[in-house]
Protein chains: 2
Amino acid sequence: MQEKLRQFQRYLDKAGLKATRQRELIARAFFATTTHVSAEGLYRRVAGRHPRIGLVTVYRTLKLLKDAGLAHERQFGEGRALFEHASSEHHHDHIICTECGKITEFENYEIEALQEQIVRRLGFLIRHHKLELYGLCRECSAATGAGQGIQTAEAG
Amino acid sequence: MQEKLRQFQRYLDKAGLKATRQRELIARAFFATTTHVSAEGLYRRVAGRHPRIGLVTVYRTLKLLKDAGLAHERQFGEGRALFEHASSEHHHDHIICTECGKITEFENYEIEALQEQIVRRLGFLIRHHKLELYGLCRECSAATGAGQGIQTAEAG
DNA sequence: AGTGATATTGATAATCGTTTTCACTGTCGT
DNA sequence: ACGACAGTGAAAACGATTATCAATATCACT
């Protein structure tokens with residue numbers, strides 16, 4: 001957290017931008033999140049303690065965090081964008097529960113390799129990709145009783 | 001084309017909806033497209049000859065075409081939705097050229113199988129997925145000279 | 001073909017997430 | 001501390017899509 005904050009300030013400095021109170025508050029709030037947040041959601045967190053901060057500034061700061069390489073913006077389906085920490089880890093993809101909205105991350109080397117093959121074959125030069133699986137998470141599929149497709153140990 | 005049009009009319013009839021002049025014109029224009037169209041784009045095609053048709057009606061008719069199972073709506077990145085014919089063929093995914101916007105379709109059984117594995121492992125019940133590869137198509141990568149990554153016969 | 005119930009249309013306004021505008025305020029190098 | 005100039009927030013603008021509503025068209029029934 002402190003390290004990421006420092007990275008952000010270093011970025012601002014290098015880019016000739018100013019390290020303002022608002023930017024620090026918003027960045028702090030962002031780094032304190034564990035899951036994906038929308039601009040609005042982050043705004044609510046910050047505005048709770050600092051009501052004078054505007055939603056616009058949250059949008060602007062999130063853009064800066066992206067530029068600094070510290071945040072990724074994701075578009076799941078339609079509607080609002082969600083932001084997540086940009087870790088130095090591998091690229092990952094997402095599974096989105098259509099019932100409760102829970103987002104689970106995963107990475108799979110083989111899928112990436114297959115994508116690479118396809119792209120080569122078609123003569124494309126790939127820049128990035130987006131793989132999203134939509135469905136019901138374990139809890140929601142249990143709750144709605146939409147059981148088929150789930151294999152559990154006791155099923156056998 | 002005629003067959004799809006008939007399917008649409010059958011759907012309207014079954015749903016207790018009316019087969020209007022506008023709906024036929026818009027459906028015709030849609031079935032006449034070969035690639036992905038936006039509502040706006042389809043509107044422009046229709047409005048060329050029939051200026052009294054409103055964009056709103058195009059949106060509404062596209063929704064009906066979806067309901068009839070004759071169109072799919074796609075959200076590529078941010079911005080406007082694109083519509084494509086819903087063929088009875090297999091599910092397919094897309095490669096989008098970030099330069100010229102060209103959209104190429106592909107399908108790959110192995111990727112689907114791997115997705116299935118991952119989903120099982122995580123206890124999710126998958127409903128649908130979305131795989132999009134973004135990059136430069138053959139023409140655009142040649143044009144911009146961003147050559148690396150492309151393997152051609154004459155390269156050896 | 002005519003009628004009438006009701007679905008449909010199109011212009012306009014509304015919506016939603018996001019970005020711009022702009023007058024005022026803050027930051028930071030000097 | 002000063003001043004140039006970047007940053008702020010409120011409100012307006014924006015683009016894609018949807019809702020509203022009065023006027024119009026369709027279609028089952030005669």
Side-chain angles (χ1 to χ4, degrees), chain A residues 5 8-30 36-68 71-83 101, chain B residues 8-30 36-44 46-68 71-83 101:
Chain A
L5 216 55
F8 186 43
Q9 312 226 334
R10 221 174 300 142
Y11 166 79
L12 290 175
D13 193 39
K14 270 185 193 155
L17 303 172
K18 293 176 180 170
T20 67
R21 192 170 46 83
Q22 289 92 326
R23 283 179 181 164
E24 184 179 333
L25 285 170
I26 294 165
R28 248 181 221 289
F30 175 67
H36 299 66
V37 257
S38 64
E40 174 86 30
L42 189 59
Y43 168 66
R44 278 199 302 270
R45 283 166 189 250
V46 178
R49 306 195 190 292
H50 308 276
R52 316 201 51 178
I53 285 188
L55 173 58
V56 202
T57 303
V58 173
Y59 272 106
R60 286 193 276 231
T61 305
L62 279 169
K63 183 170 287 178
L64 291 177
L65 286 165
K66 278 197 301 179
D67 294 345
H72 280 318
E73 182 174 355
R74 306 277 183 188
Q75 281 288 345
F76 297 122
E78 49 208 53
R80 62 188 61 183
L82 296 181
F83 296 83
Chain B
F8 185 44
Q9 311 225 334
R10 221 175 298 141
Y11 166 79
L12 291 174
D13 192 40
K14 269 186 193 155
L17 303 171
K18 292 174 180 171
T20 67
R21 193 170 44 82
Q22 290 92 324
R23 284 180 180 162
E24 183 179 333
L25 285 170
I26 294 166
R28 248 181 220 290
F30 176 68
H36 298 69
V37 258
S38 62
E40 175 84 30
L42 189 59
Y43 168 65
R44 279 199 300 272
V46 178
R49 305 195 190 293
H50 308 277
R52 315 202 50 177
I53 286 189
L55 173 57
V56 202
T57 304
V58 174
Y59 273 105
R60 287 192 276 232
T61 305
L62 279 169
K63 183 170 287 177
L64 291 177
L65 286 165
K66 279 198 301 180
D67 293 347
H72 281 316
E73 183 174 356
R74 306 277 183 190
Q75 282 289 344
F76 297 121
E78 50 207 51
R80 62 189 60 182
L82 296 181
F83 296 83

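A note on names: the letters A, B, ... follow the listed sequences, proteins ahead of strands, and every chain is numbered from 1.
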**Message:** I need the A:Ile53 CD1 to A:Leu25 CG distance, nearest 0.5 Å.
**Reply:** 4.5 Å

**Heavy-atom check, side chain of B:Val58 versus side chain of B:Gln22, under 4.5 Å** = no

**Prompt:** For DNA chain D, whose closest nucleotide is more 5', that of B:Phe83 or that of A:Arg23?
**Reply:** A:Arg23

**OG1-CG distance between A:Thr20 and A:Leu12, expressed to the nearest 0.5 angstrom** = 8.0 Å

**Prompt:** So where does chain A start and stop touching DNA chain D, 5' to 3', when the test is distance under 4.0 Å to a non-hydrogen atom?
**Reply:** D:dC5 to D:dA11

**Prompt:** For DNA chain C, what residues of residues 36-52 of chain A have any heavy atom nearer than 4.0 Å?
**Reply:** none

**Asked** Atom CZ of B:Arg74 and atom NE2 of B:His36: how far apart are they, to the nearest 0.5 Å?
**Response** 6.5 Å

**Fill in**
Minimal heavy-atom distance between B:Val46 and B:Ala29, with the atoms involved, is CG2-CB, 3.5 Å

**Fill in**
Contact span of DNA chain C against chain B, any nucleotide atom under 4.0 Å from a heavy atom, 5' to 3', runs C:dT6 to C:dT12

**Request:** Identify, residue by residue, the members of residues 8-21 of chain A with a heavy atom below 4.0 Å from DNA chain C, and return them in order of residue number, or none.
**Result:** A:Lys18, A:Ala19

**Request:** To the nearest 0.5 angstrom, please state how far the CG atom of B:Asp67 sits from the CZ atom of B:Phe8.
**Result:** 9.0 Å

**Prompt:** Tell me the salt bridge (Lys or Arg N to Asp or Glu O under 4.0 Å) pairs involving residues 15-24 of chain B, sequence neighbours left out?
**Reply:** B:Glu24-B:Arg28

**Prompt:** Just how far is it from atom CD1 of A:Ile26 to atom NE2 of A:His50, taken to the nearest 0.5 Å?
**Reply:** 10.0 Å

**Message:** So, using salt bridge (charged side-chain N to carboxylate O under 4.0 Å, His left out) as the criterion, who are the partners of A:Arg44 when residues are at least two apart?
**Reply:** A:Glu40

**Item:** side-chain hydrogen bond (donor to acceptor under 3.5 Å, both in side chains) contacts touching residues 51-66 of chain A (sequence neighbours left out)
**Value:** A:Lys66-A:Glu73

**Message:** My understanding is that only residues two or more places apart in sequence, or in another chain, count here; which of them pass ring pair (Phe, Tyr, Trp, His ring centres under 6.0 Å) with A:Phe30?
**Reply:** A:His85

**Prompt:** Can you list the residues that meet the side-chain contact (heavy atoms from CB on, under 4.5 Å) rule with B:Ala15, with sequence neighbours excluded?
**Reply:** B:Tyr11, B:Leu17

**Asked** Considering the terminal five base pairs at each end of the helix from C:dA1-D:dT30 to C:dT30-D:dA1, what angle separates the two local helix axes, rounded to 10°?
**Response** 30°

**Fill in**
Those residues at least two apart in sequence (or on a different chain) that pass salt bridge (charged side-chain N to carboxylate O under 4.0 Å, His left out) with B:Arg10 are B:Glu3

**Request:** Give me the residues of residues 53-64 of chain A where at least one heavy atom lies under 4.0 Å from an atom of DNA chain C, by number, or none.
**Result:** A:Val56, A:Tyr59, A:Arg60, A:Lys63

